[in-house]
Each structure stands twice: as structure tokens, then as C-alpha cells.
Amino acid sequence: MISSVVAKRLVTGLCQAGWRPAVTGLVPSRGYRGDTPDDTRGDLIEIPLPPWDERPGEPTDIKKRRLLYESRKRGMLENCILLSLFAKRYLNTMNEKQLYQYDRLINEPSNDWDIYYWATEAQPTPDVYQGEIMDMLKEFTKNRKQEQRLDAPGLEYLEKEGQ
């Protein structure tokens, strides 16, 4: 049994933790690390996350459906809205190279905030994620037409495309 002080510190550390992928070279280390400003790291918890797996041979229509779902179901509302609207606009026009870049971008980093900061250009994008799709996402994020983007799009547009 752990004391209530230790339990409270552990829960507080987990709730305040930041998710940051440690990108070294082309293969990032994926994990969850609890950080607090006064942490001695004596009770460091590292939860390894499974590596991103490229899915060679996945049919394009299945990949697009999977990426649409993954664009809508994120760890934070801001990315749910941003990525689902981006997917609605561009996913059906992406070629295989672009689909690969988008898949890697939204599934490899373990921290949704990183993706958000890169898209909004609040932080520089690591070279491994920089490319045509990231450029498209950055431009989309600027919202030059000042569209109202308060919620993820409904799925009715999928029915119209299927007809």
C-alpha cells in the first residue's frame, strides 16, 4: 500500500505530465514520462508505447477510412477539430506518398500537443515530419478564409461521396 502523499504526488505528476517524443534520427522513442517542476525523478514512471507500424499492402480505401477515423478520434479536442476538417478537405485527394506522410504524422508522435504546435508553427517541425502534408496542414491551420471551425464535421458528406 502506498501512502496518500505518494499517491497524490503520483496522480498530480501524471495529470500535469507532458507527452514529448524523443526524436533521435528517424526513429523516435515513444513513451510516457511524468514530469513536474520539482520532480527528483526518483519515482519516474515510463510507460512504453507500441511503435508506429507502417501497413504495407493496406488497400487505399481501407487506409483512407482508418485515417479518417484516426483524424477524428484524437487525444485533444483541438486536434480532433483540426485534423478531421483537414481530412474532410484533403484525404480523398491524397496520393500514396501523401497518405504515408499523413499516417506517419498523426500516428507516430506520442503527443498530440506536438502535432498541434507544429501545425500552428508555435514550435519547429522535426525534419522527420516535415514534408508536403505538413506544409498543407500548416497552410490549412492558418484558416485564411476565416471559416468557423468550432466542431468536427458531421459524417453526412461521406454518404454524398458514396452515391
(message) Once side-chain hydrogen bond (donor to acceptor under 3.5 Å, both in side chains) is applied, do any residues pair with Gln130, and if so which ones, sequence neighbours excluded?
(response) Asp135, Lys138

(message) Whether the Tyr129 and Gln101 side chains hold a donor-acceptor pair (N or O, under 3.5 Å, no angle test) is what I'd like checked.
(response) no

(message) I'd like to check the side-chain hydrogen bond (donor to acceptor under 3.5 Å, both in side chains) partners of Lys97; sequence neighbours left out, ordered by chain and number.
(response) none

(request) Output all residues satisfying side-chain contact (heavy atoms from CB on, under 4.5 Å) with Tyr90, sequence neighbours left out; order by chain, then residue number. (result) Phe86, Thr93, Met94, Met136, Phe140

(request) Only counting residues at least two apart or in another chain, list the ones meeting side-chain contact (heavy atoms from CB on, under 4.5 Å) with Asp127. (result) none

(request) Taking Arg74 for its side chain and Ile81 for its backbone only, find out whether a donor-acceptor pair lies under 3.5 Å. (result) no

(message) Does Val128 form a side chain to side chain contact (heavy atoms under 4.5 Å, CB included) with Arg104? I'd like the steps, not just the answer.
(response) CA-CA 10 Å; Val128 69; Arg104 184 174 191 183; 3.1 Å; yes

(message) So Asn79 and Ile115, do their side chains get closer than 4.5 Å, heavy atoms only?
(response) yes

(request) Could you tell me whether a side-chain N or O of Gln98 sits under 3.5 Å from a main-chain N or O of Asn95, the two making a donor and an acceptor? (result) yes

(message) With a 4.5 Å cut-off on side-chain heavy atoms, are Ser71 and Leu91 touching?
(response) no

(request) Return yes if a side-chain donor-acceptor contact under 3.5 Å exists between Tyr116 and Thr141, otherwise no. (result) no

(message) Within the supplied structure, the quantity of interest is the number of heavy atoms (other residues, nucleotides, ligands) at a distance under 6.0 Å from Glu147 CD; does it exceed 12?
(response) yes

(message) So, taking the atom named CD1 in Ile106 and the one named NZ in Lys73, what distance separates them when rounded to the nearest 0.5 Å?
(response) 13.5 Å

(message) Assess the residue pair Tyr117 and Thr125 against the criterion (side chain to side chain donor-acceptor pair (under 3.5 Å)); give the C-alpha distance rounded to whole Å, side-chain angles, the decisive distance to 0.1 Å, and a yes or no.
(response) CA-CA 8 Å; Tyr117 291 144; Thr125 305; over 6 Å; no

(message) Please check: side-chain N/O of Arg72 versus main-chain N/O of Leu85, any donor-acceptor pairing under 3.5 Å?
(response) no

(message) To the nearest 0.5 Å, what is the distance between CH2 on Trp118 and CE on Met134?
(response) 6.5 Å

(message) Can you list everything that forms a side-chain hydrogen bond (donor to acceptor under 3.5 Å, both in side chains) with Thr60? Sequence neighbours excluded, please.
(response) Glu96

(request) Would you please name every residue forming a side-chain contact (heavy atoms from CB on, under 4.5 Å) with Arg66, sequence neighbours left out? (result) Arg55, Glu58, Lys63, Glu70, Asp103, Asn107

(request) Not counting sequence neighbours, which residues clear side-chain contact (heavy atoms from CB on, under 4.5 Å) with Glu54? List them please. (result) Trp52, Pro56, Tyr100

(message) If I compare all heavy atoms of Tyr102 with all of Ala87, which pair ends up nearest, and what's the gap?
(response) OH-CB, 4.1 Å

(message) Any non-hydrogen side-chain atom of Leu83 less than 4.5 Å from a side-chain atom of Leu137?
(response) yes

(request) Report the residues that fulfil salt bridge (charged side-chain N to carboxylate O under 4.0 Å, His left out) with Glu139, sequence neighbours left out, ordered by chain and then residue number. (result) Lys142, Arg144

(request) Tell me, please, which residues at least two apart from Gln148 pass side-chain hydrogen bond (donor to acceptor under 3.5 Å, both in side chains). (result) none

